[in-house]
Amino acid sequence: MVSRRNISKSTYILAAGITGGIFLLGMLLGLVVEGKRVTMMQSMYEQEKANFASSQLQFEYLSQLNTNDSCPTIYDVFTKNTKSLGDAQERLLSFQKDSTLNDAEFETLKQQYVVEEMRYYLFAKKVRESCGTDVVRLLYFYSDDKDCPRCEEQEFVLNYLKMNLKDNLLIFALDEKFEKEPMISILKRQYNLTQYPSIAIENIGLQGFQSQDELKEKICPRFKEKPQICDN
Amino acid sequence: MNTIMSAVLWAIYIISLYFVIFWSIVYLSGGANPQKRRKLDDYPYLTIAIPAWNEGKYIKAAMESVFSLDYPKNRFEMIIIDDGSTDNTYEAAKNTIKKHPQFNVTLITKKNEGKGVAMNLALSKAKGDYFISLDGDSHIEPSAIKKLLPYFTSQDIAAVLPCMKVSNPKNLLEKIQWYEYIVNMYYKKIMGHLDCIFVAPGPFSVFRTHVLREVGGFAKENLTEDLEMTLRLQKNHYRILQAMDVYVYTNVPNTMKQLYRQRNRWFKGSFFNALAYKDMMFNKNYGDFGIVQMPVLLVSGLMSMILILSAIYYFIKPKFDFIKNLSYVNFDFWTLMQNFEFHYYIIDKNFSLVLISIITFSLSLMVLYLAHKYTKEKIFKQGVVPLFAFLFLFYLYMGFVWCGIMVDLARGKVQKW
């Protein structure tokens with residue numbers, strides 16, 4: 001029998017040191033990437049702001065000319081910008097979930113994006129009124145999994161409707177818990193929303209999960225030319 | 001809840017990375033170097049015990065491999081214990097003995113009481129200085145004994161183990177296990193360097209007979225009597241060595257059900273035996289075995305289970321949620337397909353996790369390469385598909401086995417060997 005069993009202390013310490021080093025390197029890398037994400041989102045926000053300002057400028061100029069010929073082009077650019085804003089916002093939320101040190105920056109960015117979104121929401125009404133565009137605006141209020149277990153399902157249904165209605169339906173998603181932006185509280189009070197998911201279709205507020213058919217019932221009558229999905 | 005789960009997963013990633021690095025350092029500090037061997041001046045008398053239960057299909061091959069040993073036939077005896085087989089094991093063994101009257105073979109049939117009892121019966125009759133256990137469905141190469149005996153260079157070496165390989169793997173499952181056995185042999189070689197071997201496998205191991213008797217023989221009614229014996233040897237501060245130049249070939253489960261049952265027994269056995277020997281855990285009197293191997297034996301199952309449950313939660317649950325969500329849109333999969341957009345942004349990835357995963361995976365590939373190098377096998381011998389299945393799916397399945405074990409334990413289900 002071995003009289004004394006060895007303990008490979010130096011191996012344990014070396015392995016712990018290397019593991020710790022790799023872990024720290026990973027964290028450092030994560031922080032560097034986080035910084036880059038903040039910079040990237042700031043840059044994207046500036047681009048979205050510029051896009052919006054450009055859309056507004058085009059709209060105002062053409063309004064002065066009293067012509068609707070360019071409405072389709074303006075609207076096309078407008079909906080593309082709305083989509084890219086929505087996509088950027090989604091990435092921002094995902095970055096914010098993973099953030100460690102830059103939470104304050106992400107919060108500020110989130111507010112900026114929400115404000116931009118609201119500008120698009122209001123602008124969409126102007127474009128519709130001036131150009132007679134067949135479009136319905138929809139505000140979607142979501143919350144976290146704990147307070148809104150059906151939010152994921154609602155988003156799936158909304159995305160599906162968007163796929164079918166395309167530029168005829170503009171969806172603006174808002175985090176009902178984001179108190180930093182007072183506009184969200186104003187809208188919640190306006191539509192008297194207390195449970196989530198909630199949807200506001202123009203001037204109508206709907207609380208709780210809405211099925212595809214329930215949403216179509218509220219959306220379809222608002223179109224002058226009914227899209228194919230409204231016939232099903 | 002998500003924060004706790006995230007913290008637990010991170011702990012598992014770090015622990016896994018730590019152990020891959022730890023054993024890599026052991027390898028780099030000579031862990032895989034050949035063990036010292038003495039010259040075999042004499043031919044000690046050996047007892048080769050073959051406990052068999054329903055091995056009618058394989059027992060002849062096992063016995064023939066013993067008869068073919070490059071060892072003086074008057075210097076070993078064979079004791080076959082038919083442990084209450086319900087097939088033709090006894091007849092097959094008897095017929096094989098008849099064809100080799102020059103060998104000293106004892107064939108005993110008894111009621112089924114488990115492998116531990118069968119082994120102890122053989123041990124009680126053993127006349128050899130070395131006691132060799134050979135499973136009825138395994139076979140050894142002729143030079144095995146002559147190569148293994150020289151490893152017994154000191155009295156504290158209680159057992160020497162050969163390299164176990166899967167015999168003639170045919171289907172995908174057998175080929176996957178082929179890779180598993182190769183990697184396990186490499187790890188056992190390195191573990192032997194730190195006296196951390198925790199199982200002398202039943203299919204074939206060479207023990208000093210007096211040591212087995214001294215520690216009380218094999219455990220009866222133990223799910224893994226081979227592992228239990230090894231823990232007992234470790235507890236008595238005996239050493240166990242892994243040889244890399246001797247091969248024994250064993251049959252492995254060829255269906256998922258058989259594999260599940262085998263691993264269910266193995267893992268349960270290791271868990272209960274680790275609990276039984278928990279006083280060795282973190283006990284510096286047992287050196288590296290107590291500090292690192294015993295805790296790993298106990299918690300590895302828990303870690304596997306957490307990983308598989310996380311894999312189900314993060315990868316499989318979203319698929320079920322997707323199907324549920326499809327029901328809300330009348331299963332209009334075609335519209336979803338037409339509007340599918342694929343976006344891949346590298347900056348969106350979790351870099352800490354990516355880095356740890358890359359390093360762990362790279363070290364695992366290094367282990368795979370070294371395991372094949374030291375067992376003198378080619379990496380793609382069994383094909384690319386089995387290799388990938390081993391790398392990415394096999395251990396997930398083992399996690400699933402652990403989940404089954406937890407369910408069994410919760411239900412109070414105990415099985416016999």
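Convention: sequence-line order gives letters A, B, ...; per-chain numbering from 1. Please read these numbers as outputs of a predicted model, since none were measured by experiment.
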Measure distances from [X] to the heavy atoms of chain A and classify the residue's part below 4.5 Å as side chain, backbone, both or neither.
X        : answer
B:Glu341 : side chain
B:Val292 : both
B:Trp23  : neither
B:Leu233 : neither
B:Asp321 : side chain
B:Lys324 : side chain
B:Ile359 : side chain
B:Ile14  : both

Only pairs of heavy atoms separated by less than 4.5 Å count here; which of [options] has the most with chain A?
options                               : answer
B:Asn350, B:Ile291, B:Val354          : B:Ile291
B:Asn330, B:Val20, B:Leu194, B:Leu336 : B:Leu336
B:Tyr13, B:Phe19, B:Trp10, B:Tyr286   : B:Tyr286
B:Asp348, B:Ile356, B:Ile25           : B:Asp348

Could you tell me which non-hydrogen atom of [X] sits nearest to which non-hydrogen atom of [Y], and how far apart they are?
X        : Y        : value
B:Ile21  : A:Ile22  : CD1-CD1, 3.6 Å
B:Tyr18  : A:Ala16  : CE1-N, 3.2 Å
B:Asn339 : A:Lys166 : OD1-NZ, 3.2 Å
A:Ile7   : B:Asp288 : CA-OD1, 3.4 Å

Subject >> Side-chain heavy-atom pair B:Thr335, A:Asn164 within 4.5 angstrom cut-off >> reply: yes
Subject >> Validation row: A:Arg5, B:Gln234 side chains within 4.5 angstrom (heavy atoms) >> reply: yes
Can you pull out the residues in [range] with any heavy atom less than 4.5 Å from chain B?
range                       : value
residues 23-37 of chain A   : A:Phe23, A:Leu25, A:Gly26, A:Met27, A:Leu29, A:Gly30, A:Val33, A:Lys36, A:Arg37
residues 81-113 of chain A  : A:Lys83, A:Arg91, A:Phe95
residues 151-161 of chain A : A:Glu152, A:Glu153, A:Phe156, A:Val157, A:Tyr160

**OP:** Decide yes or no on side-chain contact (heavy atoms from CB on, under 4.5 Å) for A:Thr11 and B:Val26, but give the supporting numbers first.
**Re:** CA-CA 7 Å; A:Thr11 308; B:Val26 173; 4.0 Å; yes
Subject >> Portion of A:Ser211 that has a non-hydrogen atom of chain B nearer than 4.5 angstrom >> reply: neither
**OP:** For B:Tyr328, enumerate each residue passing the ring-ring contact (aromatic ring centres under 6.0 Å, His included) test, keeping only those at least two apart in sequence or located in another chain.
**Re:** A:Phe209
